[in-house]
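I have placed the structure first, in the form of structure tokens, so that the comments after it can refer back to it.
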Amino acid sequence: MSKKVALVTGGSQGIGKAIVDTLSKDGFAVAVVARKKAKIDKVVKDVNANGGHAIGLIADVSDRDQVFAAVKNTIKKLGDLNVMVSNAGVAPTTPIDQVRPHDLQMTMNINLGGVIWGIQAASQAFRKLGHPGKIINACSQAGQYGNPNLTDYGASKFAIRGVTQTTAQELAKFGITVNAYCPGIVKTPMMKDIAVKVAKNANKPVEWGWKQFSKNIALGRLSTPQDVANLVSFLASQKSNYITGQSILVDGGMVFR
Ligand SMILES: NC(=O)C1=CN([C@@H]2O[C@H](COP(=O)(O)OP(=O)(O)OC[C@H]3O[C@@H](n4cnc5c(N)ncnc54)[C@H](O)[C@@H]3O)[C@@H](O)[C@H]2O)C=CC1
Ligand SMILES: CC(=O)C(C)=O
């Protein structure tokens with residue numbers, strides 16, 4: 001039997017790479033989509049060396065045409081599409097006085113635009129292929145609870161939670177589910193950059209920056225990318241078939257809803 005196919009944006013590092021590895025172990029053929037060829041190639045090579053089946057595609061998710069092209073090329077090269085993971089994102093540190101139009105638009109175009117184009121492209125593909133599908137979006141605990149110093153980012157993530165709810169209702173009649181994962185504080189290049197910048201803005205050491213985000217985690221540790229990939233694995237599986245429109249926290253107990 002041929003493998004089910006997943007597409008993961010921002011799959012070249014951090015949480016996205018853990019999702020690629022995990023879905024590959026779950027038996028999916030995976031399209032790794034990001035902007036930098038060298039990084040994509042390395043992830044693809046590792047997956048294929050470990051017995052999986054991955055291909056790499058370059059796309060900027062803020063560009064609608066490029067997202068549609070990535071979906072089209074995934075189907076052309078891997079023969080199908082069953083799961084779309086819109087994981088790519090950016091997180092500029094923006095205390096309110098530092099918010100500027102360029103950063104705000106860039107953050108919205110990548111984080112929110114990337115998710116909307118992903119939902120559009122994947123849901124149209126599922127309908128054309130004539131089968132159900134699963135759409136999984138990257139949200140954040142910062143999309144459930146406002147985090148100081150992250151105005152642009154928080155706005156984009158709150159919006160993703162809304163779009164996940166609206167599109168889940170629109171697309172349910174086609175057998176398409178739409179859900180999101182809301183990580184807490186995950187040890188990735190993105191989070192390191194935030195901790196460094198928050199500390200620098202306050203003229204404090206970098207450890208202080210990390211502590212601003214990590215002091216209220218009930219389970220007492222930062223998250224690994226694998227913690228998040230485990231939730232995505234569930235959302236991509238048949239076990240989640242009766243769940244749609246949800247933005248699920250995977251934060252070790254930071255935000256309680
Ligand atoms: N690290 C954390 O603590 C948390 C991360 N998240 C979310 O999880 C997702 C992944 O985050 P991390 O792995 O930490 O980030 P990261 O910065 O380590 O990796 C982000 C990935 O997205 C790609 N990317 C960025 N802009 C892109 C664009 N325009 N087009 C295509 N690819 C693009 C990057 O090349 C990279 O592969 C993001 O959506 C982020 O907002 C949510 C909550 C917490
Ligand atoms: C980067 C992020 O999503 C945080 C701090 O929750």
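Please read these numbers as outputs of a predicted model, since none were measured by experiment. Atoms within a ligand are numbered from 1 in the order they appear, just like the ligands themselves. One-based numbering along the sequence shown.
Given atom 29 (N) of ligand 1, the protein heavy atom at minimum distance is Asp60 OD1, 2.9 Å. Of all protein heavy atoms, the one closest to atom 6 (O) of ligand 2 is Gln141 NE2, 2.7 Å. Of the protein's non-hydrogen atoms, Met190 CB, 3.3 Å is the one closest to atom 15 (O) of ligand 1. Of the protein's non-hydrogen atoms, Val186 N, 2.8 Å is the one closest to atom 3 (O) of ligand 1. Annotation: atom 20 (C) of ligand 1 to nearest protein heavy atom, Gly89 O, 3.9 Å. Counting protein heavy atoms only, atom 14 (O) of ligand 1 is closest to Thr188 OG1, 2.5 Å.
Taking any N or O of Val61, backbone or side chain, at least one lies under 3.5 Å from an N or O belonging to ligand 1. Considering backbone and side-chain atoms alike, Pro183 places every N or O at 3.5 Å or more from each N or O of ligand 1.
Within the set Gly11, Gly113, Cys139, the minimum heavy-atom distance to atom 42 (C) of ligand 1 is found for Cys139. Comparing Asn137, Asn87, Ile15 by heavy-atom distance to atom 9 (C) of ligand 1, the nearest is Asn87. Nearest-residue assignment for atom 3 (O) of ligand 2 (options Tyr145, Tyr153, Phe213; heavy-atom criterion): Tyr153. Looking at Gln141, Gln13, Arg35, it is Arg35 that brings a heavy atom closest to atom 35 (O) of ligand 1. Counting only non-hydrogen atoms, the option in Ser140, Gly184, Ser223 that gets closest to atom 44 (C) of ligand 1 is Gly184.
Donor-acceptor pairing under 3.5 Å is recorded for the side chains of Gln226 and Thr22. Donor-acceptor pairing under 3.5 Å is recorded for the side chains of Gln141 and Asn147.
Hydrophobic clustering of Ile, Leu, Val, Met, Phe, Trp and Tyr side chains at less than 4.5 Å, counting indirect connections, unites Val43 with Val228. Linking Ile, Leu, Val, Met, Phe, Trp and Tyr whenever their side-chain heavy atoms come within less than 4.5 Å leaves Trp117 and Val83 in two separate clusters.
No side-chain heavy atom of Val8 sits under 4.5 Å from any side-chain heavy atom of Val32. Using a 4.5 Å heavy-atom threshold, the side chains of Val47 and Asp21 count as touching. Side-chain contact between Phe126 and Ile135 is present, with at least one heavy-atom pair separated by less than 4.5 Å. With a 4.5 Å cut-off on side-chain heavy atoms, Tyr181 and Val85 count as touching. Side-chain contact check for Met254 versus Asn216: every heavy-atom pair is 4.5 Å or farther apart. Using a 4.5 Å cut-off on side-chain heavy atoms (C-beta onward), Leu112 and Ile160 make contact.
Within ligand 1, the atoms closer than 4.0 Å to a non-hydrogen atom of Gly10 are 21 (C), 22 (O), 23 (C), 37 (O), numbered from 1 in the order shown. Residue Ile194 has at least one heavy-atom neighbour below 4.0 Å for each of these atoms of ligand 2: 1 (C). For ligand 2, the atoms closer than 4.0 angstrom to any heavy atom of Gly184 are 6 (O). Atoms of ligand 1 lying under 4.0 Å from at least one heavy atom of Tyr153, given by number and element, are 6 (N), 7 (C), 40 (C), 41 (O), 42 (C), 43 (C). Ligand-side atoms of ligand 1 in range of Ser12: 37 (O), range being under 4.0 angstrom from any heavy atom. Of all atoms in ligand 1, listed by their number and element, those nearer than 4.0 Å to a heavy atom of Ala59 are 30 (N), 31 (C). Of all the atoms in ligand 1, the ones that sit under 4.0 Å from a non-hydrogen atom of Ala138 are 39 (O). Listed by atom number, the atoms of ligand 1 under 4.0 Å from Ile110 heavy atoms are 26 (N), 29 (N). For ligand 1, the atoms closer than 4.0 angstrom to any heavy atom of Ala88 are 22 (O), 24 (N), 32 (N), 33 (C), 39 (O). Taking a cut-off of under 4.0 Å to the non-hydrogen atoms of Ser140, the atoms of ligand 2 that pass are 2 (C), 3 (O), 4 (C), 6 (O). Shown in contact with Ile185 at under 4.0 Å from a heavy atom are these atoms of ligand 2, numbered in order with element: 5 (C). The distance from ligand 1 to the heavy atoms of Gly14 drops below 4.0 Å at these ligand atoms: 13 (O).
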With salt bridge (Lys or Arg N to Asp or Glu O under 4.0 Å) as the test, would you mind laying out the steps for Lys45 and Asp41 before giving the verdict?
CA-CA 6 Å; Lys45 198 172 156 200; Asp41 286 350; over 6 Å; no
Derivation of the side chain to side chain contact (heavy atoms under 4.5 Å, CB included) call for Ile243 and Thr177
CA-CA 7 Å; Ile243 300 174; Thr177 60; over 6 Å; no
Check the pair Lys134 / Ser240 against side-chain hydrogen bond (donor to acceptor under 3.5 Å, both in side chains), numbers first and verdict last.
CA-CA 9 Å; Lys134 288 173 177 280; Ser240 68; 2.9 Å; yes
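The closest approach between any non-hydrogen atom of Gly143 and ligand 2 is not below 4.0 Å.
Counting heavy atoms under 4.0 Å from ligand 2, residue Met191 touches it through the side chain alone. With a heavy-atom cut-off of 4.0 Å, Lys36 does not touch ligand 1 at all.
The backbone N or O of Gly245 sits less than 3.5 Å from a side-chain atom of Asn179, completing a donor-acceptor pair. The backbone N or O of Asn87 lies less than 3.5 Å from a partner atom in the side chain of Thr9, making a donor-acceptor pair.
Shown here is Phe234, whose CZ atom has more than 12 heavy atoms of other residues, nucleotides or ligands within 6.0 Å.
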